[in-house]
Amino acid sequence: MPELPEVEVVRRGLERWVSGRTVAVVQVMHPRAVRRHEAGGDDFAARLVGHRFGTARRRGKYLWLPLADTDASVLGHLGMSGQLLVQPEDAPDEKHLRVRFRFDDPLGTELRFVDQRTFGGLSLHDNTPDGLPDVIAHIARDPLDPAFDDAAFHTALRLRRTTVKRALLDQSLISGVGNIYADEALWRTRLHYDRPTATLTRPRTAELLGHIRDVMNAALAVGGTSFDSLYVNVNGESGYFDRSLDAYGRENLPCRRCGTLMRRRPWMNRSSYYCPHCQRPPRTTA
DNA sequence: ATTCAATCCTGTCGGC
DNA sequence: TGCCGACAGGATTGAA
């Protein structure tokens, strides 16, 4: 389940192995993988041929490859199970291969979008003046972006009438945080997922942002996390940050801080993992 | 205006 | 052994 650190690892892979190469052939093997490209798979393929990929970029969990000398980009989202792989052209097709890019150079490798569950996808869009694909203009900057505004984030939290984990997953407030890193950062901050955002003090928000950045940087340092081997990076290598998770997936295991058994609660059609001792639920207004 | 539930997919796993 | 339901879950959509 790629979140920001995993997507950044993929971006770096694209930058190294794909940026600067010129597209020769695009094959769309599954229409759902390009469903966000409204003109369809044939149009997607035709409009890419002959164009050179620029520097790979990322915001939150989205990544994109600008087409050099145009105002358009190929935008990608990995969803839950998406992978971007650079493979030898003669490597056998993956079972869930959705899109293939071949290049007009002699390197002998191609780019493949592989996605079992097809929540992810690729599409082609015009850029906004600041170089962002227009359809993601509403996605907030992510916490590793130097231009992320901590003070504005705190103000937005105070104004919202929602709870802290919902806010962390709201990509228009802060991007790149998913279920896993939300639980990790909340555990580190000793915050319960149902804490109303309006009760957070400025220092508490600062602490939370610090932990989000710490846990993401730690994951980046080991190449991202992975749980069910569906996620691998651009060269097919799994990350192994999952070994150092403190909250996510640790139901009935002792809290690494206080030893209390961790709990799992159904939450918005997924799960929240927390320590009932370190992360006290907020008082309910009955 | 803001919040929130439903929806999309497929493979795995546990229970019976 | 095999069937079935639960679960994994980010972003979008439309309803409240």
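As a basis for the values below, the full set of heavy atoms in this structure was taken, side chains included, without hydrogen atoms, waters or symmetry mates. Computed from a prediction, not measured in an experiment: that's the story for all the values here. In what follows, chains are A, B, ... by sequence order, proteins preceding strands, each numbered from 1.
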Rounded interatomic separation in angstrom, taking CZ from Arg160(A) and P from dA1(B):
13 Å

Heavy-atom nearest nucleotide on DNA chain C for Ile139(A) versus Phe119(A): which residue maps closer to 5'?
Phe119(A)

To the nearest Å, how far apart are Ile174(A) CD1 and dA11(C) P?
13 Å

Rounded to whole angstrom units, what separation is found between the CG atom of Leu4(A) and the C1' atom of dA11(C)?
16 Å

Would you please confirm or rule out a distance under 4.0 Å between OP1 or OP2 of dT3(B) and any side-chain N or O of Arg166(A)?
no

Compare side-chain N and O positions of Arg32(A) against OP1 and OP2 of dC9(B) and report whether any pair is under 4.0 Å apart.
yes

Could you please name the option among dC8(B), dA8(C), dG11(B) that lies closest to any side-chain atom of Gln116(A)?
dG11(B)

At less than 3.5 Å, do the side-chain atoms of Arg270(A) and the base atoms of dG10(C) form a donor-acceptor pair?
yes

Can you tell me if Tyr62(A) touches the phosphate of dT12(C), counting only side-chain N or O atoms and a distance under 4.0 Å to OP1 or OP2?
yes

May I ask you to decide whether Asp183(A) forms a salt bridge with Arg270(A), counting only side-chain N to carboxylate O separations under 4.0 Å?
no

If we ignore angles and hydrogens, is there a donor and acceptor under 3.5 Å between the side chains of His277(A) and Thr260(A)?
no

Side-chain H-bond candidate by donor/acceptor type, Thr197(A) with Arg160(A), under 3.5 Å
no

Determine, for Asp115(A) against Arg32(A), whether the closest basic-nitrogen to carboxylate-oxygen distance falls under 4.0 angstrom.
no

The nucleotide from dC9(B), dA8(C), dC4(B) with an atom nearest the side chain of Thr162(A) is dC4(B)

Considering only heavy side-chain atoms of His96(A), the closest of dT10(B), dC9(B), dT12(C) is dT10(B)

Rounded distance in Å - CG (Leu63(A)) to C1' (dG10(C))
14 Å

Take the protein atom CZ of Arg117(A) and the nucleotide atom C1' of dG11(B), then report the distance between them rounded to whole Å.
7 Å

Quick one: is Ser81(A) getting a side-chain N or O under 4.0 Å of the dC9(B) phosphate, OP1 or OP2?
no

Picking from dC7(C), dA11(C), dT10(B), which would you name as closest to the side chain of Arg264(A)?
dC7(C)

note: Gln83(A), atom CD; dG11(B), atom C1'; distance rounded to Å ~ 14 Å

Whole-Å distance between dA8(C) C1' and Asp115(A) CG?
13 Å

Hey, is Arg47(A) close enough to Asp43(A) for a salt bridge, meaning N to O under 4.0 Å?
yes

Assign His138(A) to base, sugar-phosphate, or nothing according to its heavy-atom contacts below 4.0 angstrom with the strands shown.
sugar-phosphate

Would one find a side-chain N or O of Arg36(A) under 4.0 angstrom from OP1 or OP2 of dT12(C)?
yes

Return the 5'-most residue of the pair His30(A), Met268(A) with respect to DNA chain B, ranking by each residue's nearest nucleotide.
Met268(A)

Are Glu15(A) and Arg12(A) ion-paired here, with the side-chain N under 4.0 Å from a carboxylate O?
no

Expressed in angstrom and rounded to an integer, what is the separation of Asp170(A) atom CG from dT3(B) atom P?
8 Å

Winner on side-chain proximity to Asn269(A), out of dG11(B), dA5(B), dT7(B), is dT7(B)

